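Worksheet for the structure shown next.
All residue numbers in this chain count up from 1 along the given sequence. Keep in mind it's a predicted model, so treat the numbers as computed, not measured. Atoms within a ligand are numbered from 1 in the order they appear, just like the ligands themselves.
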Amino acid sequence: MRPRFILDGMLGSLSRWLRIGGYDTEYRKDTLDDDLIEEAVRDNRILLTRDEVLVKRARRQGVKAIYIVHGGDEEALNQLVHELFLIFDPTHARCPKCNHTVEIILKQDVAGKVPDGTFGAVDDYWVCPICRSIYWRGSHWQRIVDTLRGAGRSAS
Ligand SMILES: [Zn+2]
């Protein structure tokens, strides 16, 4: 089964990348440590944090917790690929804003809803059925995917 995650307040942008990569990821800002640990237990989620004290507390309560070493998203994803053998699977992408799975939307249906320059250059789009956000794969996306594929190869 694919691991599910819960991330604390310091890891907002990492949570978005895990969702884009197809992982069910909750992000909790301004949440008490006890509540984070409780939710991790209840939903069987792996806790990711940059707070070493929280990692120790969570582990004492039986939660799988990982201390994220670096602040950068690419380094953090690299760490997770190596420690958890994550497979970045964009075909199961989730909405970076609300964690719901996204759906393919026809290009003709996004006309006027995305910047003109994007519309001219990009053919594939996704929409979140909950928050209606529209997504496409930009240059940053490609860089992250390349990073993860590189990390996956060196791990095997
Ligand atoms: Zn959404």
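Considering only residues two or more places apart in sequence or on other chains, Gln142 meets the side chain to side chain donor-acceptor pair (under 3.5 Å) condition with Asp146. Checked against side chain to side chain contact (heavy atoms under 4.5 Å, CB included), Val114 has the following partners two or more places apart in sequence or in another chain: Val110, Phe119, Tyr125, Ile134, Trp136.
Gln79 has its side chain within reach of Ile68: a pair of non-hydrogen atoms, C-beta onward, lies under 4.5 Å apart. Counting only heavy atoms from C-beta outward, the side chains of Asp35 and Arg28 never approach each other to under 4.5 Å.
Within the protein, the number of N, O or S atoms lying under 2.8 Å from the Zn ion (ligand 1) is 4.
Within the structure, ring pair (Phe, Tyr, Trp, His ring centres under 6.0 Å) pairs that include any residue of residues 15-68 comprise Phe5-Tyr23, Trp17-His140 (at least two apart or interchain).
Ion pair Arg50/Asp8 not flagged as a salt bridge, since none of the NZ, NE, NH1 or NH2 atoms sits closer than 4.0 Å to an Asp/Glu carboxylate oxygen.
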